[in-house]
> 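Here it is, the structure in full.
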Amino acid sequence: MQGQNQQQAYDRGITIFSPDGRLYQVEYAREAVKRGTASIGVRTSDGVVLAVDKRIRSPLMERSSVEKIHKADDHIGIASAGHVADARQLIDFARRQAQVNQLRYGEPVGVETLTKEITDYIQQYTQVGGARPFGVALIIGGIVNGEPRLFETDPSGTPYEWKALAVGADRGDIRDYLEEHYDEGMDLDEGVDLALAALASVNDDELSPEGIGVATVDVETETFGQLTDEEKEAHLAEADLLDTGEDADDEAEDEDATEE
Amino acid sequence: MQGQNQQQAYDRGITIFSPDGRLYQVEYAREAVKRGTASIGVRTSDGVVLAVDKRIRSPLMERSSVEKIHKADDHIGIASAGHVADARQLIDFARRQAQVNQLRYGEPVGVETLTKEITDYIQQYTQVGGARPFGVALIIGGIVNGEPRLFETDPSGTPYEWKALAVGADRGDIRDYLEEHYDEGMDLDEGVDLALAALASVNDDELSPEGIGVATVDVETETFGQLTDEEKEAHLAEADLLDTGEDADDEAEDEDATEE
Amino acid sequence: MQGQNQQQAYDRGITIFSPDGRLYQVEYAREAVKRGTASIGVRTSDGVVLAVDKRIRSPLMERSSVEKIHKADDHIGIASAGHVADARQLIDFARRQAQVNQLRYGEPVGVETLTKEITDYIQQYTQVGGARPFGVALIIGGIVNGEPRLFETDPSGTPYEWKALAVGADRGDIRDYLEEHYDEGMDLDEGVDLALAALASVNDDELSPEGIGVATVDVETETFGQLTDEEKEAHLAEADLLDTGEDADDEAEDEDATEE
Amino acid sequence: MQGQNQQQAYDRGITIFSPDGRLYQVEYAREAVKRGTASIGVRTSDGVVLAVDKRIRSPLMERSSVEKIHKADDHIGIASAGHVADARQLIDFARRQAQVNQLRYGEPVGVETLTKEITDYIQQYTQVGGARPFGVALIIGGIVNGEPRLFETDPSGTPYEWKALAVGADRGDIRDYLEEHYDEGMDLDEGVDLALAALASVNDDELSPEGIGVATVDVETETFGQLTDEEKEAHLAEADLLDTGEDADDEAEDEDATEE
Amino acid sequence: MQGQNQQQAYDRGITIFSPDGRLYQVEYAREAVKRGTASIGVRTSDGVVLAVDKRIRSPLMERSSVEKIHKADDHIGIASAGHVADARQLIDFARRQAQVNQLRYGEPVGVETLTKEITDYIQQYTQVGGARPFGVALIIGGIVNGEPRLFETDPSGTPYEWKALAVGADRGDIRDYLEEHYDEGMDLDEGVDLALAALASVNDDELSPEGIGVATVDVETETFGQLTDEEKEAHLAEADLLDTGEDADDEAEDEDATEE
Amino acid sequence: MQGQNQQQAYDRGITIFSPDGRLYQVEYAREAVKRGTASIGVRTSDGVVLAVDKRIRSPLMERSSVEKIHKADDHIGIASAGHVADARQLIDFARRQAQVNQLRYGEPVGVETLTKEITDYIQQYTQVGGARPFGVALIIGGIVNGEPRLFETDPSGTPYEWKALAVGADRGDIRDYLEEHYDEGMDLDEGVDLALAALASVNDDELSPEGIGVATVDVETETFGQLTDEEKEAHLAEADLLDTGEDADDEAEDEDATEE
Amino acid sequence: MQGQNQQQAYDRGITIFSPDGRLYQVEYAREAVKRGTASIGVRTSDGVVLAVDKRIRSPLMERSSVEKIHKADDHIGIASAGHVADARQLIDFARRQAQVNQLRYGEPVGVETLTKEITDYIQQYTQVGGARPFGVALIIGGIVNGEPRLFETDPSGTPYEWKALAVGADRGDIRDYLEEHYDEGMDLDEGVDLALAALASVNDDELSPEGIGVATVDVETETFGQLTDEEKEAHLAEADLLDTGEDADDEAEDEDATEE
């Protein structure tokens, strides 16, 4: 109990270190990320893939309003997991930064550059008082000069580059799946298949086209695009992951794993 | 009791995460929404419907002063539930944003655009210190370019799009009713009927024309309008929902479910 | 005791929600209103009536300095109950807004417009930190374009419109009296009689002309005016409510129900 | 003990309401007023009288430096009780306001106008955070256009008008004396006698000319003036209130009732 | 113990009243004054005298660096007791105010005027949050237009005028001595003798010239000047107060009574 | 337990001293540094060496995104350990300062000058409220005018100059190794070998080229450069430190020693 | 235990007085000074001497980076003890002030003037909230117009002038040594010897040239200069204080007495 009391002493303040050098508010913000449904990113030889779980709470809710995949610029997409309203703030920030870069330098912003502008912004909310950290993780994928790049931002403001990754609920299990099946030589289609299989691996191996979102940026066009329901269904059917149950089945039963 | 104490530690501060990644102040603001009487939105093929419960505390109070349906712009209406004074702030903000949009771009603001400007504004009150979240939920319905749209904003600042929804008291029961009876092919009149039936379902299946508010935006005129008492009475009578008791009966008995 | 402790956790902070969605500081400010003597408003077909209890603590105090009825503009009067110094701030705000409106639009401010400018101002003190809510309720009555209007503002910043209402001490009993005896067809004189009778109903059915304040705004002149002691006495005598005791009798015995 | 704990919860914060609608800091500031020696005001048909107890802690202290009567303008005097340094702030504010009024409108400031400018200033310190209330009460007396006026300001920022009043230590006993002996028809000399007798009533019926301060503003000259020791002695002798003991006797024995 | 706990509740906050109307931080600042060695002021018919105890902690410390007597202007001296660094702030403020006055009005600042500018400055630190009170008392003595004046400022910001006074350690005992021996008819030399005798009365009736500081402002020259060691020794010898022990003896033994 | 409680009292506030003169938040920030993997600096006669442990959490993470060696200017490199997002802030600050210096003085910034600009910046975060200290230590190495310099900054804002040093996890053991084997006469290649051997000494004497980062600034070119995997492998092989296991082995098993 | 609890109540807040008039944060900052190694100042007839203990934690650390003697201006040196990063802030402040003085008045800043500008700056951090006091003491020595002056600043912001003094660890023992052996007639060389002997007296009477720093400002050149290792060794050898052990011996064993 002593330990518990001691912890309480440090996790109430926003921006202070605990005796063992941890920032509890940042760690709790990571818990907020885990409360959101999973998002996945996969980098392939000819593009990047973003795939997200779009479970909804009611058949009356429009799935399209569960915004988990965002276009940051023509050549960069962002998938988010965690506190939705916080994600929107970061997406808005990312879009403004991308425009500023285009205007200032006359060329598209680099994926790494944009990621680091976002993480520096996030870091401010973990060091200066008067605000809480952002409760959201982003997967930022895009192509500049033919090179696919895939980054993660977490609530501490640290940028990581990945070949493939997951954020949000079931992150650990999905990562295990990705580590086992990832192959750097994959093409974009195989990347989509891997992302969907990884997402299905924590959903009883069944997904419905409407319950997921998939976007890609390919090296040829360097353009962000989302897959249609038909394209998603084709991928799922081919991989034998298509949910054959009724619509309501892919609604969230576990409120904890729904975007809030 | 330990659990309870632990919770207390996190819900006093406005903008900090709890160890499990929740923002208690935002969740308590949702409770403030539930303390308000219900508001309902229904999207039909030829327009959107807003319907609200306008229970009052005394026959001497003017029902018209219980403002739960607001005109945000010619083509957009907003229904609110929860803390009335907070709702007024958001409605004022929405109206200003709609005017700014008209002035800047020379065309009516989009329903989704306006919703997201509102939710971004709400989010600020959940992250930056020195203020509490807004204790109100809004249903924002309107028509732009012939397309009916229906959105919800909640105290976290998340925008959701719905086919039909309820906010405020009895939200869960009304949503069950809507899920069971909603049909995307409904016309506007059927949409009004559904909204009133859903509201009546948690009011002993009886409503008085004065005790409710109903507004619509139809695709043809793209113009917000409120139903007269006669129109409301006709709808209720037709659906056999007309309250035949005396006036005082539809006054709030449960103080908790009255707008404050 | 657990419940009590839990409550204490939420009512110390100015602007935060309790777990059940309440704002305790606003509710306590309502208690401050109840500590003030009663004020009454009655709307009639040809004008509005404001009547206030002006009990004083000592015969040496000038009753005229117990300001509970205020002229906001030529055509609008305001009666207050609760924390006197707070009321003065709101009255000053109301007067400035009325002047600004006259200057800007060249016409008298609407009663509803003025009320909502006041309630929006009050709301700010309930959401943004660094200040407490206003501990006062106002009854705002006036005539614009021949239409009598009667509004209430409460410490949450919510505007209500009434046919007749009471704020301050004994609010509940006076409202019961008003609900029983109010008739929309009353003329202004009958409105004064009703207000006085309602006030007398919680004062052993006896009032002295000096111990009360009465003001009216009639539809014909659209001009605020206060009744003289003779006029008040005539009304009281006619209604058999005239206090025949000595002066000191109408001094406050219960300190709690005196304006502070 | 529960009650005591509960009280502690609300009286530490400057500007928040207790559950019963009280502002403890304002009430404690009133206690600071009671810790100061008494000040008295009397309004007569031909002028106002201010009388103060100027007890000192040592015969080496200059009584003239115990400032309890202040000239606010040629025609207005102010007597204070409570925290001396706070009183000086309000007196400075009053003098500036009187000068501003003279400059702006070309005529002397009204007594009521000045009082309300002071109370509005005081109120700010009870509502907005970051400062404590003023621990002082003022008696503001003066003549404008031949009319004597006498006001009180208290720590809540409420203005009261009185025929005669006392603030500070023994306020209750002195008020009882004033209520019993006050007569509106008194002339200025009788007013001085009444004020001195009231002050003596709580000082074993003995006062020394040096131990008190007396000032008047008469309707004829509309000019503030202080009585000389000879004038004070004449009044005291005539009323058989003259302290015949030695100097040291009128020094404060009860530290609590000395200005600090 | 209850009483003690209750006290703790009020003395942690800087600017709030306790239930009995006291400002604990101001009272604790007075304790800081008592922790400093004594300073004495004496007003005579032809000038003012300031005398201070300059005990030091080590023979290696330069006594001249124990600044307890300061020249505020040509005609005004200030002796301090308490927190040395705080005293320096007030002395700097006093010097600036004296210069401003000279520049603005072309004449030397009055002693009373200067005192009140200082006390008003001190008061601000007791009412507005974000800073602590000044832990220092000043004796301000000077001559304007041939009139000797002697004032005290305390941590509450109250100005007092005295014939003779002491601040700092042993204030009570020295005041008793001064009250017994003070005579308004004294000349400046007798004033110096009285101040030294009073200081010696709490130092075993022995003082060394180096261990004390003495300054005067005489009515003829209206000029501040400090006594040389020889002049001080002559005074002490004449009064049989000369410390015949060795140097080290007048070093502080009681750390609590040394300036810090 | 008393001691523990007492400690808690001081380590919650950011910028206050404990009774024994320590700043706990700064000490806890040092713990945050220890949670990061080790970084090493070695100064040789013809250049400086920076070597870092780049352990990663998953084979899917790009090692290059674990930024622990940064180029501050052409002639200065910085290795960091601890909170990654904080490190980025300081690196950005360092780069801006280096550019400003170049622009202002037309010559490269000195290593010592740059270090002290960084430590002064760090110190501000330990003294002024509203922010927490930086949870990162930097090793700043470079060459100006042919002179190799090697500095450390710690969370307190103190600059140290070293011949060789380690920061982060296992700092003590690595320092012991360095103290035993350091020789001022080493050339740059020997410096690289020493750094790698020291790092291997706490890693079972095995390192993989990909799991480490090595950079040098040599006196001849005065230019920062990073070693390629081949160069690193050659050094490791020569020193018999090459990890012959599989890739996954050099992933962090102890989460505590991974950059976060 | 009661006493301990009571103390805790006052030492957490930065700028408030305890009931006995103490400022605990300032006293704790003095403890931070004691945690630093000793610094010594000696004033002689022909110059001032500064001598410091430069113990280091590792033979790999550059002693020159342990900055305890600083040049503030050509004619003024400063030795520090305590929190190193804080000392740097004050040194920077001192250098800026010296330059400003030179520019503004065209002559070197006085030693006393500079000292008081520093102490006034320090005092601000003890009275105004939002920052902690400086945890450092300075010895400021210099020559202006041929006059040697030696000052101390402490964390309260009080300036003291000394003939000889020590700050930091073992302050008391060194002061005893200085008091016993100091002679005002010493020349500069003898002053250096005294400073070294005093420092050696708390170091087993042995010092190494590298482990100490010595600086002087002589009256002839009025120029600050540091002694070379050879000069230091000569002094130590002559006084039989030369440490004949190995290098590592003069490293800090007691971490508490090392600059941090």
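Worth knowing before you read on, the calculation uses all heavy atoms, side chains too, and leaves out hydrogens, waters and symmetry mates. Letters A, B, ... are given to chains in the order of the sequence lines, protein chains preceding strands, and every chain is numbered from 1.
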> Using atom types as modelled and distance alone, determine if a side-chain donor or acceptor of K34(C) lies under 3.5 Å from a backbone N or O of G21(D).
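It does not hold such a pair.
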> So how far is it from W162(D) CH2 to S58(C) OG, rounded to the nearest 0.5 Å?
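W162(D) CH2 to S58(C) OG: 4.5 Å, rounded to 0.5 Å.
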> Could you check if a side-chain atom of E27(C) sits within less than 4.5 angstrom of a side-chain atom of F17(D), using non-hydrogen atoms only?
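No - every pair of side-chain heavy atoms lies 4.5 Å or more apart.
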> Nearest 0.5 Å, what's the CG-OH distance between L60(C) and Y160(D)?
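Atom-to-atom, L60(C):CG and Y160(D):OH are 15.0 Å apart.
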> Considering only NZ, NE, NH1 and NH2 on the basic side and carboxylate oxygens on the acidic side, decide whether E62(C) and R149(D) come within less than 4.0 Å.
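Looking at E62(C) and R149(D), the cut-off is not met.
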> Do the side chains of E31(C) and R22(D) get nearer than 4.5 Å, heavy atoms only?
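In short, these two side chains do not touch, never coming nearer than 4.5 Å.
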> Could you state the interatomic distance from CG (L150(D)) to CE (M61(C)), rounded to the nearest 0.5 Å?
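Answer rounded to 0.5 Å: 11.5 Å.
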> If you define the side chain from C-beta out and look only at heavy atoms, does anything of L23(D) sit under 4.5 Å from R132(C)?
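They are in side-chain contact.
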> My understanding is that only residues two or more places apart in sequence, or in another chain, count here; which of them pass salt bridge (charged side-chain N to carboxylate O under 4.0 Å, His left out) with R175(D)?
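Residues passing salt bridge (charged side-chain N to carboxylate O under 4.0 Å, His left out) with R175(D): E179(D).
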> Using non-hydrogen atoms only, which part of D92(C) is less than 4.5 Å away from chain D: side chain, backbone, both, or neither?
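Answer is side chain: those atoms of D92(C) sit under 4.5 Å from chain D.
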> Show, in sequence, the C-alpha distance, side-chain angles and deciding distance for Q127(D) and D86(C), and conclude whether the side-chain hydrogen bond (donor to acceptor under 3.5 Å, both in side chains) test is met.
CA-CA 8 Å; Q127(D) 185 170 26; D86(C) 286 12; 4.7 Å; no
> Would you say the side-chain atoms of E161(D) pair up with the backbone N or O of S64(C), donor to acceptor, closer than 3.5 Å?
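Not confirmed, E161(D) side chain does not pair with S64(C) backbone.
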> For D187(D), does the CG atom have more than 12 heavy-atom neighbours from other residues, nucleotides or ligands under 6.0 Å away?
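Buried by this count: over 12 neighbours within 6.0 Å.
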> Taking C-beta and beyond as the side chain, do R88(C) and K116(D) meet within less than 4.5 Å on heavy atoms?
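Yes - at least one pair of side-chain heavy atoms lies under 4.5 Å apart.
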> Can you tell which part of L178(D) gets under 4.5 Å to a heavy atom of chain C, answering side chain, backbone, both or neither?
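It is both, since atoms from each part get that close.
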> Using every non-hydrogen atom in the two residues, find where A85(C) and S156(D) come nearest and quote the distance to one decimal.
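Closest approach of A85(C) to S156(D), heavy atoms only: CB-O, 3.1 Å.
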